[in-house]
Amino acid sequence: MSKNDLKSLDRNHLIHSVTNFRAHERSGVSILERGDGAYLFDTDGNKLLDAFSGLWCVNTGYGQESIVKVAAEQMSRLPYATTYFGFGSEPAIRLAAKLADRAPGSLNHVYFTQGGSDSIDSAIRYITHYFNAIGKPQKKQFIALERGYHGTSSIGSGLTGLPAFHVNFDVPLANQHHIPSPYPYRHESGDDPAALIASSVKSLRDKVGALGADNVAAFFCEPIQGSGGVIIPPRGWLKAIREACTDLGILLVADEVITAFGRTGPLFASSAEDVVPDIITLAKGLTAGYAPMGAMLFSDEIYNAIADAGINGAVVGHGTTYSAHPVSAAIGLEVLRLYEEGGLLANGEKVAPIFEQGLQALREHPLVGDARQRGLLGALELVADKASKQRFDASLRLSARIQKKAYENRIIFRAFADDILGFAPALCYTESELALLFERLLQTLDAVLDDIDVRRSVA
Ligand SMILES: Cc1ncc(COP(=O)(O)O)c(C=O)c1O
């Protein structure tokens, strides 16, 4: 089928995620044809450097033949197995055991989902079930961070702290609350990590106090906020939040959909912070995007409470047709092998300092106010005035211009609406691919700065 036919069919029939429908009709789709390592190829013949791992998920890079092989083998042997009626499949059982083995603390129980939003929704449902089961049915309030992202399910989207995901969707619900983001660059105590941590913990304590600790079920947070603009709290923040949650008698859910599987260094960001959450939610790097799958890990304590409450024979009424899908699980096992034995985690750790240097060097650029990074997750925050941290006027539509110029320079990264640029190169990146990333990024920033109205806006 010709490219133009496809573009027209796309306009007429395919709904795109988080997109302005009319704007998309005007701009049309960019059709991706194939991927190889760190590169994507589109139907216009462009070879694009993917500096975002798809949607921060293809942590292995594209074209990993061993993943394709295990998927094909699993498909021909057993393409589907339900987990209803006591059935299961070997890859799902082995993957659950491996995740439990590597997860911190007693997070020994794995429920497989279709992706991140489903992991969040499952966590909310199991938490609700748990508190009802242990005789604390009044614990129904949920707290999360402003600028947090927890997907777009009908309940989970209310925990997301980004207004774009609320408009016309009637969330947050009355039992969903937010506290300020621990955002070093824009926090009043940003230069003082201890003060920022104390202020964030105080916000949580105040919120729980206002709602009544007996009414609060859980606090949800990403160890590093991804879609909110790669906001990296100071080291020690997650631990202080863990201690506050324990003290307040509320559960801590670490949403590691982005931060796990080597994206920030180790398999789990929580482990790097020496923190054991009550629940961890996963997706993305679990299968490196080669097939859909998420997971929710919960502690012995939650598992046993739910198990004991079901003694009269009642089922726990949560499950889906595709939970623990054997093909996704087989892919997950191979992806995990590539991270560990295949050296991808080690390569990520090796090249992360080069990634950091490249970002930090761009602080000198007239458009850049802040550069931040952990592992292979990073961001540049663009400002009109470095001294006051004043953002560019929204009428300049800087993010959209950057996205367009980046494509012309054959590099893909994420330009968020508030002029934050997000980067998540695959763990297979070489030093020369990182050099190319920064070469094309600099070209892009310089090209946008050459626009006369942008140049005039820089203080
Ligand atoms: C931290 C976090 N949680 C949840 C989600 C939702 O995951 P999905 O898009 O797979 O539903 C995302 C997606 O980007 C995420 O970054």
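Whatever order the structure lists ligands and atoms in, that order sets their numbers, starting from 1. We're numbering straight along the sequence, starting at 1.
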Identified side chain to side chain contact (heavy atoms under 4.5 Å, CB included) counterpart of Trp56 within the set Thr259, Ile258, Val257, Leu376: Ile258
Proximal ligand 1 atoms for Glu222, defined as those under 4.0 Å from one of its heavy atoms: 1 (C)
Aromatic ring pairing Phe355/Phe423, orientation class (parallel under 30°, perpendicular over 60°, tilted between): perpendicular
N or O contact, Asp255 vs ligand 1, cut-off under 3.5 Å: yes
Glu381/Arg186 salt bridge by N-O under 4.0 Å criterion: yes
Contact atoms of ligand 1, heavy-atom distance to Gly116 under 4.0 Å: 6 (C), 7 (O), 8 (P), 10 (O), 11 (O)
Intermediate values then yes/no, side chain to side chain donor-acceptor pair (under 3.5 Å), Asp50 and Tyr62: CA-CA 10 Å; Asp50 183 359; Tyr62 302 92; 2.5 Å; yes
Distance-only N or O hit between ligand 1 and Ser227, under 3.5 Å: no
Atom indices of ligand 1 within 4.0 angstrom of His150 heavy atoms, with elements: 3 (N), 4 (C)
Heavy-atom proximity to atom 16 (O) of ligand 1, best of Ile258, Val18, Thr259: Ile258
Name of the residue among Phe112, Tyr126, Phe298, Tyr130 meeting ring pair (Phe, Tyr, Trp, His ring centres under 6.0 Å) with His318: Tyr126
Nitrogen or oxygen atoms of Lys284 and ligand 1 under 3.5 Å apart: yes
Under 3.5 Å side-chain donor-acceptor pair for Asp419 and Ser399: yes
Contact atoms of ligand 1, heavy-atom distance to Ser117 under 4.0 Å: 6 (C), 7 (O), 8 (P), 11 (O)
Backbone or side-chain N or O of Ala283 under 3.5 Å from ligand 1 N or O: no
Side-chain ion pair, Asp42 and Lys47, N-O less than 4.0 Å: no
